[in-house]
There are 2 protein chains.
Amino acid sequence: MELDERKRTILHAIVRNYLETGEPVGSRTISKMADMALSSATIRNEMADLEEMGLILQPHTSAGRIPSDLGYRVYVDEMLQRHEAEGEQSRSLQTDEHVSLEDREQALQDREERLLDREAKLEKLLKQVARMLATDTNYASMISAPMVRRNKLKFIQISRVDVSTLLVTVVVEGNVIKNRMIPVADVLDDETLLKLNILLNTRLGGLSAEEINLGLIAAIKQEGGKHSELITSVIDAAAEAITEDEDLQIYTSGANNIFRYPELADKENASGLITTFENKQDLTSLVESTLEGEASEPGTGIQVYIGGESPVQSMKDCSVVTATYELGEGMRGTVGVIGPKRMDYDKVIGALKKMMRALDDLYKKT
Amino acid sequence: MELDERKRTILHAIVRNYLETGEPVGSRTISKMADMALSSATIRNEMADLEEMGLILQPHTSAGRIPSDLGYRVYVDEMLQRHEAEGEQSRSLQTDEHVSLEDREQALQDREERLLDREAKLEKLLKQVARMLATDTNYASMISAPMVRRNKLKFIQISRVDVSTLLVTVVVEGNVIKNRMIPVADVLDDETLLKLNILLNTRLGGLSAEEINLGLIAAIKQEGGKHSELITSVIDAAAEAITEDEDLQIYTSGANNIFRYPELADKENASGLITTFENKQDLTSLVESTLEGEASEPGTGIQVYIGGESPVQSMKDCSVVTATYELGEGMRGTVGVIGPKRMDYDKVIGALKKMMRALDDLYKKT
DNA sequence: TATTAGCACTCGATTCGAGTGAGTGCTAAC
DNA sequence: GTTAGCACTCACTCGAATCGAGTGCTAATA
């Protein structure tokens, strides 16, 4: 059977109505709609067809129809196409409605703030983005910290904080900074310290994790003479700073919003979702899946997972809309909104696009 | 009316039974208990008295009794006294059952790990503690990062990472480290850098936030000559590191456990609690209240908030058991367990005490 | 005088059945 | 191909009946 124009219209009507009311929609409701010149009986026939095609379903015999996952799918796909088309258009028109982050932009006005130690301030930004998305949409939101490429050592410094303590500061590519304190028994004079610093920087600067092998370490130790033990500690710290695959930071917000939607608020669902939001662990699959999808088919960058399509088990009754954001320098992360399957996809996609544009601008203005 | 021995026994029986079953307990249930040689009628009379005294109440006329908040209070108070007594005993006996953190202790065996950059590793420890408490008790848990006293500058260092970037590293009392990157237009040679470092350390080292006033800053700037702009930046960073009243970090775990207890799992309650756990903001009042309470009456360090006693509005149907932990050096924080009013206080208090002992040992072994 | 047996009573919870209404599928007429 | 009409389904609501755990009170008992 074919999904002709009329069936498509009816499907749309059903989906839209269901998104609004959250209740199964009957044939009479549809036939009474303004631009619908058909009787309920006709609608019923078409509905029967749509059901046969797996696009809608009945909760029980004497109820109206609700969209099936597949039904949502065709609805969303069409919407995405429309958004994409619009996107092309607006890109040439250059709308300037991205005001929401303006206070942040303000904060970033002075040059110093901008190049700041990423770890600290980025976290605040991400939390803010998550919160804004959640409050804007009334759904739950998540955002992953961008994956930073950082496998090259940029700078090492040993300094003496007090007589018995040394501080090792390591800067790696991407301006990620790691500190480590090392207690020492024997006091080192300034000269030795300076020598060690020069030695370490000349030998290790610019190297990646793979390049720092045992041979090299041994060589440096030899050069360092009696301070080999200290050198080991320092290189250790450096290695940790480079390799440490810090478990993908993810921030969430608005978890409580799930209670707004009865279909998610029952104990079973709520408990599972809350656990997912708390552990964050499970959300990584969502991040990965989004990045993959984006790579394989780079479109607007928006992806929608309906029900079971989501890689996260506990979200089988939810829909997830994700996007990939970029903060320049190839730092990419994933941001997403999680809500009931009958979420307002249009609004959510709009909010995400707006947010991504804001993030884009934020770092483009550097 | 007086709370004589028999009334007390009956009250205990009611509370204990209610903690177990979660259902109102009737006179017959009590009279049938092993060590109870009274008829249900007598129990009923006593119950009427207890109700008059405000220690128990009836959900409705034809139901059994449940403990009132006041009833819980006397129950818990007695338990706390008992615990305190036991505590005295076990302190001289020196039991050695604190095994739960042993893997962590293992990790801290090698000396280096121990003095490590607190920020990073402490966070993991705290998260682990929270999770362990939550899984041990099946309630929700929270832990606040210890408040560090850090108002004295210990060490400042400016170093050149690359031609256009300087790195300022500030260490303050308590070995908290702050980094900040500063972009510079004009290149600084090593000598100037060294001079600046010495200048800053001699003038600022050991000073507290109050002591770094505008006059001093002006004086330093003058000494620094043409690098006054840079000096401003550095002092800025230092000041930030000292004062920054970083909004009291709090970690939570096991929020989903609230769904185990029907009296907390209804939408209203659950939504409120989840929001509280997510924002963490509201939990600060709990931390403060605990520290205050601890200060005014230093006992076992355990405090119990029953229902409305808790300073957190959303927890009016919960009980909260908190404790103050200490990681040496006067670094104190608060750890707590949040559950239904009918929580197993004994188990929770036990778990908290055990955890505190483990934390104590962890840092005493330094 | 304190305790207990007995009894009427209360009231939430559960069950049952009737009634309601939104919605369907099918058939026959247009 | 569309529509009016009709019998049918089934979740939902509501009130009545029943159940039973538990109470308070009274009178008898040790």
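What you see below is based on every heavy atom in this structure, not just the backbone, and it leaves out hydrogens, waters and symmetry mates. Letters A, B, ... mirror the listed sequences (proteins, then strands); counts begin at 1. In this text the structure is predicted, and so the values were computed from the model without any measurement.
Ion pairing between a basic and an acidic side chain is recognised when a charged N comes within 4.0 Å of a carboxylate O; B/Asp346 and B/Arg16 show no such pairing. B/Asp69 has no carboxylate O lying under 4.0 Å from a charged side-chain N of B/Lys316, or vice versa, which leaves the two without a salt bridge.
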Protein proximity profile, nucleotides 10-28 of chain C - base contact B, sugar-phosphate-only contact S, no contact -, cut-off 4.0 Å on heavy atoms: BBS---------BSBBB--
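Whole-Å rounding puts the B/Arg6 CZ to C/dT4 C1' distance at 12 Å. If you measure from atom NZ of B/Lys7 to atom C1' of C/dT3, you get 14 Å, rounded to the nearest angstrom. Atom CD in A/Glu23 sits about 12 Å away from atom C1' in D/dA11, given to the nearest Å. Following rounding to the nearest Å, A/Leu38 (CG) and D/dA4 (P) show an atom-to-atom distance of 11 Å.
With no hydrogens or angles considered, no side-chain donor-acceptor pair links B/Tyr72 and B/Ser319 at under 3.5 Å. A/Ser314 and A/Thr276 form a side-chain donor-acceptor contact under 3.5 Å, judged by distance and modelled atom types alone.
Side chain of A/Gln303 to main chain of A/Thr322: no donor-acceptor pair is present (N/O by atom type, distance under 3.5 Å, no hydrogens or angles). Side-chain atoms of A/Glu46 do not come within 3.5 Å of backbone N or O of A/Arg6 as any donor-acceptor pair.
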